[in-house]
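Read the structure below first, then the notes.
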Amino acid sequence: METSIIRKNTSLSEEIITVLNQQIAVEAHSSATYLAMSSWCHLKGYIKSGEFFRHQSEEETVHKMKLFDYILDMGAQALAPEVQNVNNYFDDLKSILDNFLEMEISITNRFNKIAKKCLESGDFQTFSFVQWFLDEQKEEEDTARRTIEIYELIGIELDGLYQIDKAIGKLIPQP
Ligand code: FEO
């Protein structure tokens, strides 16, 4: 990493630029993972869940670009992420939903750590910027938990999986 380029004309510290760039990569990885989940759902006939995860994938791209633009707006270098080790194979719908919630909780933990670092280093501008992500994570976690509740409430007896798929599709925000 060429520090001189990364830090040119910016009030952001090297440490904050690094964690924000790392988060760009995490968002890109989440976007690719949700796309893989979308594909798996479509293949298995869970069309509505496939649409749901495609929407989630697009949301992660929005998050990635929000971080990217903030770094650029602050005069530092945003790094285009490499996306590796994306899992495309899943056991069943339930394991996808569990994985979804785990990923969102892990992202919340990452943003809490970023916010803590901002406070410790006196970077109140970035601290204010990450508040949007912390609010967003509350919604993302809530949605992920809801998918699991739907799965457990409906159950897989009879046409349960069909009904679960339909109910998950209804979680896609309407424009
Ligand atoms: Fe960008 Fe779902 O966290």
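Being a predicted model, the structure only gives us computed values, none of them experimental. We count ligands from 1, going down the list as the structure has it; atoms in each ligand are counted the same way.
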Residues Ser95 and Asp92: side-chain donor-acceptor under 3.5 angstrom: yes
Within 6.0 Å of CZ in Arg145, more than 12 heavy atoms from elsewhere: yes
Single-linkage hydrophobic cluster, 4.5 Å side-chain cutoff, Met65 and Val130 together: yes
Nearby protein N/O/S atoms (those under 2.8 Å) for atom 2 (Fe) of ligand 1, with water ignored: Glu60 OE2, Glu104 OE1, Glu104 OE2, Glu140 OE1
What pairs of donor and acceptor atoms, side-chain ones from residues 112-121 against any protein atom, are under 3.5 angstrom apart with sequence neighbours left out?
from   : atom 1 : to     : atom 2 : distance (Å)
Lys116 : NZ     : Glu120 : OE2    : 3.3
Lys117 : NZ     : Glu15  : OE2    : 3.1
Ser121 : OG     : Lys117 : O      : 2.9
Ser121 : OG     : Cys118 : O      : 3.3

Sequence neighbours excluded, every pair satisfying salt bridge (charged side-chain N to carboxylate O under 4.0 Å, His left out) that has a member inside residues 16-42: none
Selection residues 105-130 - residue pairs positive for ring-ring contact (aromatic ring centres under 6.0 Å, His included), sequence neighbours left out: Tyr70-Phe129, Phe111-Phe133, Phe129-Phe133
